[in-house]
Amino acid sequence: MGTCPHSSPEPQVNMSRPRRLALFLSIFLLAHSALSRADGQDVEIKLVTGTEVPMTVFPAKSFSLILWLPSEFGFKDGHRALAQELSQQHYEVWLADIIQAHLLAPVPSSIDRVPTEDLTALIAFARKKTGKKVYVLTSSRGAVMALRGLQPIPKAVKGVILFSPNLYIQTPEPGKVARYQPIINKTRLNLAIIQPQNSPWYWYRDVQTRLLEQAGSRVYNKVLTGVRDRFYFRPDSTDAEDRMAKLFPAMIRETISYMENY
């Protein structure tokens, strides 16, 4: 009686132990690589100043690098989620925790304790390491730190994006004239200011823009209606803020495109 072809045994593949180990290792590395791309890669770089800076890198095949500096609140999960979205839109992103590099707490006073030469060295390192156009991004009190580090203006930096910048010497009282950090009068940069409407800094944006332009900066302003500061990582975010957070990566991409052609 002939043998039914459907009942023939499956062919056996004999794989040596080294080959099985190599296959397992390849699968593991592939999975690890995919995980790193999704969650960012934690690295530490050493600047010419000797400071070691912890960073989370979100790589992307692109011509542009977003060098993200912390504010006085440090980096949160919301920052990493936004960085991941931007890397998927073809921007390499570095979350460079220059405050943690000096073992400082995420509080406003720490901003003034970060050496300016470290920021200058970090920007130079980013350009030399990647060869990409650099866009510096930060928020709140981190704006003071960023603008200080951009003196003199590095040729590698094509623009600076500030989320609701706090450039005041101290929080202005309602109805009082705001007093600004001296750096505002020395800044000559290609700037984009993204300002939530439900923020105390919203009411001072016109004066701030005028001072920056008088100093020689080009300033592009964008107001986000119906949201507060830090809307994209607030634990008490509203539905409107959650909707805005989903649109935020595209807004940053459009802002960079605008600055490239400005």
Side-chain angles (χ1 to χ4, degrees), residues 44-56 65-76 78-80 82-83 93-127 134-154 156-172 178-196 199-201 204-205 208-209 211-212 215-217 219 229-230 232-233 252:
E44 192 170 79
I45 64 168
K46 188 171 184 178
L47 303 177
V48 294
T49 58
T51 301
E52 296 180 351
V53 182
M55 297 197 309
T56 305
L65 166 69
I66 297 175
L67 179 61
W68 197 332
L69 302 176
S71 71
E72 66 270 35
F73 304 104
F75 288 125
K76 309 293 183 183
H79 295 104
R80 294 178 177 85
L82 181 53
V93 184
W94 290 7
L95 299 184
D97 202 339
I98 194 72
I99 293 178
Q100 176 60 32
H102 290 277
L103 303 179
L104 298 172
V107 294
S109 60
S110 294
I111 294 294
D112 295 326
R113 297 174 64 186
V114 175
T116 299
E117 54 267 27
D118 277 358
L119 293 163
T120 304
L122 176 61
I123 293 165
F125 177 90
R127 173 64 174 179
V134 178
Y135 290 88
V136 176
L137 184 154
T138 190
S139 61
S140 194
R141 197 70 175 171
V144 177
M145 180 174 63
L147 296 186
R148 287 173 179 167
L150 290 165
Q151 303 296 326
I153 306 166
V157 174
K158 300 303 179 183
V160 181
I161 303 173
L162 305 176
F163 299 158
S164 194
N166 180 349
L167 294 170
Y168 313 104
I169 293 176
Q170 60 185 23
T171 302
R179 296 173 60 231
Y180 290 89
Q181 294 282 343
I183 192 62
I184 200 171
N185 298 315
K186 301 176 183 178
T187 299
R188 296 171 181 83
L189 291 166
N190 191 18
L191 292 172
I193 298 176
I194 301 178
Q195 181 61 61
S199 161
W201 316 136
Y204 298 90
R205 71 194 187 284
Q208 177 178 258
T209 297
L211 291 174
L212 287 166
S217 290
V219 185
D229 290 336
R230 309 184 301 282
Y232 55 97
F233 67 89
I252 297 173

| request: Could you label the plane-to-plane angle of the W68 and H79 rings as parallel, tilted or perpendicular, counting under 30° as parallel and over 60° as perpendicular? | output: perpendicular
| note | Of all heavy-atom pairs linking D112 and R141, the shortest is OD2-NH2, 4.4 Å
| request: Could you grab the distance from atom CH2 of W94 to atom CG of L67, nearest 0.5 Å is fine? | output: 7.5 Å
| field | R230 vs K76 side-chain heavy atoms within contact, under 4.5 Å | value | no
Review item, side-chain donor-acceptor pairs of residues 160-171, under 3.5 Å, at least two apart:
from: S164; atom 1: OG; to: Q195; atom 2: NE2; distance (Å): 3.1
from: S164; atom 1: OG; to: S199; atom 2: OG; distance (Å): 3.4
from: S164; atom 1: OG; to: D229; atom 2: OD1; distance (Å): 2.7
from: N166; atom 1: OD1; to: Y168; atom 2: N; distance (Å): 3.3

| message | Main chain of I183, side chain of T187: is a donor-acceptor contact present, judged purely on distance under 3.5 Å? | response | yes
| query | If every non-hydrogen atom of T138 is compared with every non-hydrogen atom of L69, which pair is closest and at what distance? | reply | OG1-O, 2.9 Å
| Heavy-atom pair of closest approach, residues M145 and I111 | CB-CG2, 3.7 Å
| Side chains of L122 and T51 in contact at under 4.5 Å (non-hydrogen atoms) | no
In residues 96-106, what donor-acceptor pairs under 3.5 Å come from side-chain atoms, sequence neighbours left out?
from: D97; atom 1: OD1; to: Q100; atom 2: N; distance (Å): 3.1
from: H102; atom 1: NE2; to: D118; atom 2: OD2; distance (Å): 2.6

| query | Which pair of heavy atoms, one from Q151 and one from T120, lies closest together, and at what distance? | reply | O-OG1, 4.5 Å
| query | Do I184 and L147 have side-chain heavy atoms sitting under 4.5 Å apart? | reply | no
| Which atoms form the tightest heavy-atom contact between G149 and T116, and what is the distance? | CA-CG2, 3.9 Å
| Closest approach of Y232 to S139 (non-hydrogen atoms, all atoms of both residues) | OH-OG, 4.4 Å
